[in-house]
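The structure appears below as structure tokens.
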Number of protein chains: 2
Amino acid sequence: MDIHHLITKLREKGHKITPQRLAICELVLSSKDHPTADQIYKKLKQKFPTISLATVYQTLHLLKDLGLLLELGFPDCSARFDPNISPHIHIICLKCGKIEDYETENLKEQWAKIVKDIGVEPIIQRLDLYIYCDKCKKNQ
Amino acid sequence: MDIHHLITKLREKGHKITPQRLAICELVLSSKDHPTADQIYKKLKQKFPTISLATVYQTLHLLKDLGLLLELGFPDCSARFDPNISPHIHIICLKCGKIEDYETENLKEQWAKIVKDIGVEPIIQRLDLYIYCDKCKKNQ
DNA sequence: GTTTTAAATAGGAACAATTTTTAGTTAGTA
DNA sequence: TACTAACTAAAAATTGTTCCTATTTAAAAC
Ligand SMILES: [Mn+2]
Ligand SMILES: [Mn+2]
Ligand SMILES: [Zn+2]
Ligand SMILES: [Zn+2]
């Protein structure tokens, strides 16, 4: 998703192109680390000292509604946002919360077969494996 | 998980057997509909008019720690609890939130292969497909 | 059976994440 | 340049969950 494509998509739907909106979109859509709204907010504060957390949430939900972003809810902690909307697995540490992506062609094929058997056409998918990561296993 | 097995398991870990605790456990461990803490609380109010929501949460987390219960976090709405801890798929409506289980032998086999390829030993797993259910498609 | 005690409960306050509201500002159109 | 819908920031409200603590209770010790 390059910036011009994004701008076109926003304009199409009648959304204004503001510097804040663009900055939030660029940041989250290029992120690999499944950030929380607050993490995005804190990063952007450097460039936009007056930006509000509500604006961040609003923009994230806009991207979600446009189908460009996944919102992952968890117990105990705040939601995390993922610009990778294609089926992939999250390997998540139950202790430290670290999220790692697992995404291979073989996985996509195998998973597609399973979904086909079920006979539904999912809009979004979420595949989580919860583990204890090596680091947390060591200093348990 | 029958009631005597549960009581043994609780005693083993040094937990007291209280009527509230037993009632909450029995209710959630036999539920098929992925209830929220509040739904469990409201149902139990009939039998225990003074029961508190904090007790419900505490007991649900106890069961979770014992590995007998899954807690499913979502954006926008409260957590739901699932006594089915074996790998199965949730087919979830994005509009009304209805959750349907999909669980077949074939799925378990195929999924086990995928997990084996990754080379991890997950403690918990969560497989969600988000759709719009027939009902919500109709009266959209 | 009674006493002791550590753990659990009830109820409400506190908390944190998120959403809504409000009033002022701005991007895009004409 | 003027207009207006959409936006922004700040504050307030809301919601789900956890924390606190006086009281009660299950289970152990006597
Ligand atoms: Mn991801
Ligand atoms: Mn289930
Ligand atoms: Zn870890
Ligand atoms: Zn529905």
Side-chain angles (χ1 to χ4, degrees), chain A residues 3-4 6-25 27-28 34-42 44-66 69-81 97, chain B residues 3 6-25 27-28 34-66 69-81 97:
Chain A
I3 189 73
H4 295 291
L6 174 67
I7 290 177
T8 309
K9 203 142 190 173
L10 289 172
R11 284 236 168 84
E12 263 173 17
K13 301 273 176 180
H15 301 291
K16 288 187 182 171
I17 312 302
T18 67
Q20 293 90 335
R21 185 167 271 174
L22 270 189
I24 297 165
C25 292
L27 183 52
V28 69
H34 312 85
T36 64
D38 198 61
Q39 287 170 340
I40 295 165
Y41 167 67
K42 290 209 168 84
L44 287 168
K45 268 230 146 170
Q46 298 158 20
K47 207 174 173 185
F48 300 92
T50 68
I51 201 170
S52 102
L53 187 53
T55 301
V56 174
Y57 272 109
Q58 194 208 257
T59 305
L60 293 174
H61 290 157
L62 176 62
L63 287 175
K64 186 181 161 187
D65 293 343
L66 292 173
L69 194 60
L70 294 186
E71 180 176 6
L72 305 173
F74 293 98
D76 315 326
C77 58
S78 44
R80 306 185 66 158
F81 295 86
Chain B
I3 188 73
L6 174 66
I7 289 176
T8 309
K9 204 142 191 175
L10 288 173
R11 285 238 166 83
E12 262 174 17
K13 301 272 175 182
H15 301 293
K16 292 185 180 173
I17 311 302
T18 67
Q20 293 93 332
R21 189 168 267 174
L22 270 189
I24 296 164
C25 291
L27 182 52
V28 69
H34 313 83
T36 65
D38 197 62
Q39 288 170 339
I40 294 166
Y41 168 67
K42 290 209 168 84
K43 270 194 192 165
L44 287 169
K45 269 232 146 168
Q46 298 159 21
K47 207 174 173 187
F48 300 91
T50 68
I51 201 169
S52 109
L53 185 55
T55 301
V56 174
Y57 272 107
Q58 195 209 256
T59 304
L60 293 173
H61 289 158
L62 175 63
L63 287 174
K64 185 180 162 187
D65 292 343
L66 292 173
L69 194 62
L70 294 187
E71 180 176 5
L72 305 173
F74 293 99
D76 316 326
C77 60
S78 46
R80 306 185 67 157
F81 294 87

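Every chain is numbered from 1 and lettered A, B, ... according to where its sequence line falls, protein lines coming before strand lines. In what follows, every heavy atom counts, from backbone to side chain, and hydrogens, waters and symmetry copies are set aside.
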Using a cut-off of 4.0 Å on non-hydrogen atoms, how would the nucleic acid contact of [X] be classed: base, sugar-phosphate, or nothing?
| X | result |
| --- | --- |
| B:Pro49 | nothing |
| A:Ile17 | sugar-phosphate |
| A:Ile51 | sugar-phosphate |

Phosphate OP1/OP2 of [N]: any [X] side-chain N/O under 4.0 Å:
| X | N | value |
| --- | --- | --- |
| A:Thr50 | D:dA9 | yes |
| B:His15 | C:dA7 | no |
| A:Thr18 | D:dC7 | no |

Could you check B:Ala54 against B:Asp76 and say which one's nearest nucleotide on DNA chain C is further toward the 5' end?
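That would be B:Ala54.
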Can you tell me which nucleotide in [options] comes closest to the side chain of [X]?
| X | options | answer |
| --- | --- | --- |
| A:Thr55 | C:dA7, C:dA10, D:dT8 | D:dT8 |
| B:Gln20 | C:dG28, C:dA10, D:dT18 | C:dA10 |
| A:Arg11 | C:dG28, D:dA11, C:dT9 | C:dG28 |
| A:Gln58 | D:dA11, D:dT8, C:dA8 | D:dT8 |
| A:Pro19 | C:dA27, D:dA27, D:dG16 | C:dA27 |

Once rounded to the nearest 0.5 Å, what's the spacing between atom [atom1] of [X] and atom [atom2] of [Y]?
| X | Y | atom1 | atom2 | answer |
| --- | --- | --- | --- | --- |
| A:His15 | A:Cys25 | NE2 | SG | 10.0 Å |
| B:Ile40 | B:Thr55 | CD1 | OG1 | 13.0 Å |
| A:Leu72 | A:Thr36 | CG | OG1 | 12.0 Å |

Atom pair distance, as rounded to whole Å: [atom1] in [X] and [atom2] in [N]:
| X | N | atom1 | atom2 | value |
| --- | --- | --- | --- | --- |
| B:Asp38 | D:dT17 | CG | C1' | 11 Å |
| B:Lys16 | C:dT5 | NZ | P | 13 Å |
| B:Glu71 | D:dT18 | CD | P | 7 Å |
| A:Arg21 | D:dA9 | CZ | P | 11 Å |
| B:Lys42 | D:dG16 | NZ | P | 9 Å |

